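Data first, discussion second: the structure below is written as structure tokens.
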There are 4 protein chains.
Amino acid sequence: MRAIRSSTRSRDGSRPGAAARRPKATPVANKRNTEAEDAPAQLKSERSRDLILKSAAQLFRRQGFSATTLRQIAAKAKIKAGSIYYHFESKEEILDEVLDRGLRHVFESVKNAVERAGKVSHRRRIGLAIEAHLVALLETSDFTSANIRIYGQLPEHLKKPHRPLRRAYAEYWDQLFIDARRAGEIRADMEVVPLRMFVIGALNWTIEWFRLEDRDAVLELAERTELLIFEGVSKP
Amino acid sequence: MRAIRSSTRSRDGSRPGAAARRPKATPVANKRNTEAEDAPAQLKSERSRDLILKSAAQLFRRQGFSATTLRQIAAKAKIKAGSIYYHFESKEEILDEVLDRGLRHVFESVKNAVERAGKVSHRRRIGLAIEAHLVALLETSDFTSANIRIYGQLPEHLKKPHRPLRRAYAEYWDQLFIDARRAGEIRADMEVVPLRMFVIGALNWTIEWFRLEDRDAVLELAERTELLIFEGVSKP
Amino acid sequence: MRAIRSSTRSRDGSRPGAAARRPKATPVANKRNTEAEDAPAQLKSERSRDLILKSAAQLFRRQGFSATTLRQIAAKAKIKAGSIYYHFESKEEILDEVLDRGLRHVFESVKNAVERAGKVSHRRRIGLAIEAHLVALLETSDFTSANIRIYGQLPEHLKKPHRPLRRAYAEYWDQLFIDARRAGEIRADMEVVPLRMFVIGALNWTIEWFRLEDRDAVLELAERTELLIFEGVSKP
Amino acid sequence: MRAIRSSTRSRDGSRPGAAARRPKATPVANKRNTEAEDAPAQLKSERSRDLILKSAAQLFRRQGFSATTLRQIAAKAKIKAGSIYYHFESKEEILDEVLDRGLRHVFESVKNAVERAGKVSHRRRIGLAIEAHLVALLETSDFTSANIRIYGQLPEHLKKPHRPLRRAYAEYWDQLFIDARRAGEIRADMEVVPLRMFVIGALNWTIEWFRLEDRDAVLELAERTELLIFEGVSKP
DNA sequence: CATGAATGAGTCTTCATTCAT
DNA sequence: CATGAATGAAGACTCATTCAT
């Protein structure tokens with residue numbers, strides 16, 4: 001599996017230290033989990049950064065980008081607003097990284113789930129993708145849910161750097177469907193792009209209403225969704 | 001068909017004229033179109049108000065509520081920012097009315113479409129509802145699309161007044177599905193609430209990607225969606 | 001008795017009609033009552049003007065000049081804010097006339113009371129002046145109370161035109177005291193200016209606490225005040 | 001002597017630091033002077049806060065509350081308008097504290113003066129109270145003069161939190177008079193409340209005309225006032 | 001005479017950002 | 001690394017004022 005590269009624009013430090021020094025766009029392919037990076041030997045700096053990002057993600061997700069203030073983020077991260085600027089150059093940089101992590105996280109999750117499955121039916125592969133997408137969105141990552149929820153309302157210049165990765169993710173799904181169709185598991189007359197829109201749309205919208213209760217709720221939702229997508233609602 | 005009542009909180013005019021005077025919650029049941037109110041004898045004031053609302057809806061939809069400034073709204077309505085306050089008491093009041101009009105518009109549209117159909121299969125009824133919802137969302141109403149898109153990120157106190165109408169709309173859909181299931185056109189084991197979530201979710205998400213090109217695009221999308229929902233993607 | 005001339009600066013109409021046409025600074029010497037000018041044959045215009053002024057006076061008195069908006073004044077006068085400009089050129093012009101009427105009213109009242117008394121002791125004359133001042137302030141004139149209350153906080157350019165009349169009023173009181181002292185009814189070592197400040201101060205401050213209840217309350221207050229001023233609080 | 005407690009409503013810091021941190025209602029009983037707090041080790045923040053308050057007090061006093069803009073206050077304190085919000089949550093909060101300090105200052109001054117005097121005649125005690133009140137008002141405290149001058153024109157909700165302390169101050173004076181009357185130094189038929197109104201009114205009104213020139217002017221004024229109140233103006 | 005509708009200058013307030021400590 | 005203190009640009013909102021009708 002290829003590592004997913006960060007799509008974020010590079011910023012060369014106008015600030016002395018900060019931006020330049022830290023290794024922002026580490027390829028994360030070999031990391032098990034993108035988020036729970038409580039590696040024991042993590043620098044204090046690194047921990048603060050992460051906390052800021054996580055706080056930001058939660059707030060962005062709930063309130064949107066522009067309704068979220070740096071003071072809110074700082075409060076949630078238990079620091080003072082000014083301190084954020086040691087770790088980030090601007091609010092937009094935080095957004096950038098939140099978006100990036102978010103998409104990379106689902107992408108990785110889905111890819112991993114599918115690839116780990118090995119030789120299975122295409123429907124099964126798609127089912128796993130659905131599940132992984134939903135889990136990322138609803139259970140494991142505030143980054144992913146923030147991304148999904150706020151991306152559409154951002155101004156062009158903030159969306160732009162994330163297009164390539166988004167495109168790649170879309171194509172990954174398209175490929176799943178193409179493969180399934182070629183194998184005859186999906187009707188031949190089904191166009192892939194609208195299908196992907198429909199499926200991902202139904203998945204993404206869950207953010208708006210789904211409230212995580214017990215562990216299995218997401219899995220059940222995933223199963224239900226797969227069934228719906230493949231069989232439809234009609235009496236068989 | 002009963003008119004849909006405005007769910008919005010009433011505001012008693014502390015403002016000069018406007019707020020108090022205009023008949024905000026007019027039942028719109030008998031109007032063909034809620035929005036293109038180019039009634040000939042419309043007061044100047046009424047026209048400004050509408051223009052402001054329409055401008056606001058477009059901007060809210062594109063950028064979200066908090067990223068939209070009154071100056072932007074005013075510019076789009078070709079007036080000065082201060083003048084908005086002749087017609088509205090606050091930015092929130094504008095939001096309120098945008099949300100209200102938006103939901104009432106889809107609701108009316110869907111209801112009308114279904115009721116106009118008369119005696120048809122339940123699948124057909126649902127198909128018509130899907131079409132009406134999509135048309136309202138993607139073609140006819142910036143209010144509806146604004147509502148759908150921004151509602152989820154609003155703070156509690158702004159969402160609250162719109163709950164009842166939202167609930168009513170949800171229940172209307174539920175009833176469509178319940179009827180269809182009772183009639184055997186939908187599988188008996190299909191639970192209605194998740195189904196509605198799934199369907200409306202898929203529809204609503206179209207906002208995020210669908211770009212209106214030609215007249216028929218939405219109708220085609222609607223048809224495709226109906227097929228998908230009823231038959232699923234599997235080879236028959 | 002000489003009529004008291006308006007001290008207000010004249011404004012030559014930059015506006016077409018309004019300011020120029022109406023007889024603003026009518027000497028009021030021969031009118032019985034400066035305020036209850038409900039003369040039967042009063043023009044509608046004249047009535048509106050008066051109503052605006054009276055409304056303004058009440059509001060100025062209660063809230064001060066700058067906290068009072070033209071819309072509040074208009075509302076109280078049961079017209080719309082824009083209409084005020086038919087009668088006045090600016091908020092300041094209203095203020096000007098309120099102040100002027102207010103001071104002229106007390107001045108007239110006091111003068112009348114004293115002069116009407118004819119040949120009486122100086123103490124009696126001063127007592128009558130006290131009573132008249134208090135009645136004007138607390139009972140009959142919102143103009144007077146507005147004047148007393150807000151004058152001190154106005155910017156220079158608004159106070160200036162009223163200085164002469166204020167000075168004249170002060171001198172009138174001074175004369176009362178001088179006469180009384182010359183006649184031996186006031187101690188010879190008593191300086192007149194501080195005395196006048198003291199007396200008028202005590203009277204004016206009643207605005208801050210006195211709430212008119214029954215008809216006689218003011219008269220009783222006046223009597224008490226006279227006693228206090230002449231005899232002091234000591235045991236005789 | 002008991003410290004005078006702040007009557008001001010408490011504000012729990014929604015603001016960053018300031019509001020929450022500072023010990024607003026410090027009992028000041030043992031401080032010599034409430035205002036000239038040039039304590040050597042004062043924090044920068046504390047100094048700014050004080051400067052803002054002092055500037056505000058001066059402007060409020062001269063122009064009233066609503067005519068005073070934050071920009072004016074800021075300019076006088078040599079900062080930018082926005083910076084005020086680091087120290088205060090709103091213009092009203094500034095007012096609140098100005099009023100509070102103002103009243104506490106006179107109250108303390110008067111109390112101290114009277115209590116320091118020890119065993120003296122009641123007339124002497126009242127004389128000292130008069131002097132202390134006048135000194136606070138005219139010489140030492142912009143807070144006190146601001147309070148006295150603007151309180152009456154404030155809207156209810158701004159006056160309300162200060163009622164208890166005002167009441168307490170009034171009662172303190174009442175007690176002085178009651179004691180004097182009981183001791184026979186004031187005529188038995190003299191009612192206390194109107195007397196207090198009269199005396200305090202005469203004192204407070206000095207704000208409107210007294211201009212501090214030399215050091216002794218206030219003391220002389222106080223003496224004169226005491227004489228007037230006790231002996232009246234009549235020939236002995 | 002009066003009003004409806006609008007304007008622009010100014011108000012309080014917020015917020016991302018800076019920087020000395 | 002972090003904070004306290006401040007800034008300036010911008011935001012929502014107010015208000016005296018204008019003027020066509």
Side-chain angles (χ1 to χ4, degrees), chain A residues 15 17-18 43-45 47-49 66 68-74 78-92 94, chain B residues 15-18 21 43-49 66-74 78-92 94, chain C residues 15 17-18 43-45 47-49 66 68-74 78-92 94, chain D residues 15-18 21 43-49 66-74 78-92 94:
Chain A
R15 279 283 248 60
L43 293 153
K44 187 181 178 196
S45 164
R47 244 179 304 124
S48 284
R49 237 185 92 83
S66 96
T68 299
T69 73
L70 285 182
R71 273 192 173 79
Q72 289 175 321
I73 296 173
K78 290 188 208 303
I79 56 172
K80 294 289 151 18
S83 311
I84 290 181
Y85 285 80
Y86 180 82
H87 303 281
F88 299 91
E89 268 167 25
S90 67
K91 194 185 172 189
E92 298 196 355
I94 298 178
Chain B
R15 266 281 113 190
R21 139 169 54 81
L43 294 152
K44 187 182 179 197
S45 168
E46 207 65 24
R47 243 179 305 122
S48 288
R49 241 186 89 84
S66 96
T68 299
T69 73
L70 287 179
R71 278 208 230 308
Q72 290 174 323
I73 296 173
K78 287 184 207 308
I79 55 173
K80 295 287 144 39
S83 309
I84 290 181
Y85 286 82
Y86 182 78
H87 303 281
F88 299 91
E89 268 167 33
S90 67
K91 195 185 172 190
E92 295 196 356
I94 298 178
Chain C
R15 279 282 246 64
L43 294 153
K44 188 180 177 197
S45 164
R47 243 179 307 124
S48 285
R49 239 185 91 82
S66 98
T68 298
T69 72
L70 285 181
R71 273 190 175 78
Q72 289 175 322
I73 296 173
K78 290 187 208 304
I79 56 172
K80 294 289 151 16
S83 311
I84 291 180
Y85 284 81
Y86 180 81
H87 303 280
F88 299 91
E89 269 167 25
S90 68
K91 193 185 174 189
E92 297 196 354
I94 298 177
Chain D
R15 268 280 112 189
R21 140 169 54 80
L43 293 152
K44 189 184 179 196
S45 166
E46 207 66 25
R47 243 180 305 122
S48 289
R49 241 186 89 83
S66 94
T68 299
T69 73
L70 287 179
R71 279 208 229 307
Q72 290 175 322
I73 297 174
K78 287 185 207 308
I79 56 174
K80 295 289 143 42
S83 309
I84 290 180
Y85 285 81
Y86 182 78
H87 303 280
F88 299 91
E89 269 167 31
S90 66
K91 194 186 172 190
E92 295 196 357
I94 298 178

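Chain naming here is simple, since letters A, B, ... match the order of the sequence lines and numbering starts at 1 in each. Being a predicted model, the structure only gives us computed values, none of them experimental. Just so it is clear, the values below take in all heavy atoms, side chains as well, and ignore hydrogens, waters and symmetry mates.
Side-chain nitrogen and oxygen atoms of Ser48(A) include none within less than 4.0 Å of the OP1 or OP2 phosphate oxygen of dC1(F). Under 4.0 angstrom from either OP1 or OP2 of dC13(F) there lies at least one side-chain N or O belonging to Tyr85(B). A close approach under 4.0 Å does occur between a side-chain nitrogen or oxygen of Ser83(B) and OP1 or OP2 of dT7(E). Proximity of His87(B) to the phosphate of dA6(E): a side-chain N or O atom is located under 4.0 Å from OP1 or OP2. For Lys80(B) and dG8(E), the shortest distance from a side-chain N or O to OP1 or OP2 is below 4.0 Å. For the pair Ser45(D) and dG4(F), the criterion of a side-chain N or O lying under 4.0 Å from OP1 or OP2 is not met.
One distance of note links CD1 of Ile94(C) with CD1 of Ile73(C); it measures 4.5 Å at 0.5 Å rounding.
Mapped onto DNA chain E by nearest heavy atom, Ile79(C) and Ala81(B) fall at different nucleotides, with Ile79(C) at the one closer to the 5' end. Mapping Lys78(A) and Ile84(D) onto DNA chain F by nearest heavy atom places Lys78(A) closer to the 5' end of the strand.
Here the options are Thr69(D), Ile84(D), Leu70(D), the test is side-chain contact (heavy atoms from CB on, under 4.5 Å), and the partner is Lys91(D); only Leu70(D) passes.
In plain terms, the two heavy atoms of Ser66(C) and Ala67(D) that are nearest each other are OG-N, 3.1 Å. When all heavy atoms are compared, the tightest approach of Arg71(C) to Ala81(C) is CG-CB, 3.8 Å. Here the closest heavy-atom approach between residue Phe88(C) and residue Arg49(C) is recorded as CE2-NH1, 3.3 Å.
Rounded to an integer number of Å, the gap from Phe88(D) CZ to dT13(E) P is 13 Å. The nearest whole Å value for the distance from the CD1 atom in Ile73(D) to the C1' atom in dT11(E) is 12 Å.
The nucleotide dA10(F) finds its pairing partner in dT13(E), both defining distances of the Watson-Crick or G-U wobble pair being shorter than 3.5 Å. Remark: dC1(F) base-pairs with no nucleotide in the shown strands. Criterion, Watson-Crick or G-U wobble with two distances under 3.5 Å.
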Give each protein N/O atom lying under 3.5 Å from an N/O atom of nucleotides 9-11 of chain F, with the pair distance.
none

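Closest to the side chain of Tyr86(D), out of dA2(E), dA2(F), dA6(F), is dA6(F).
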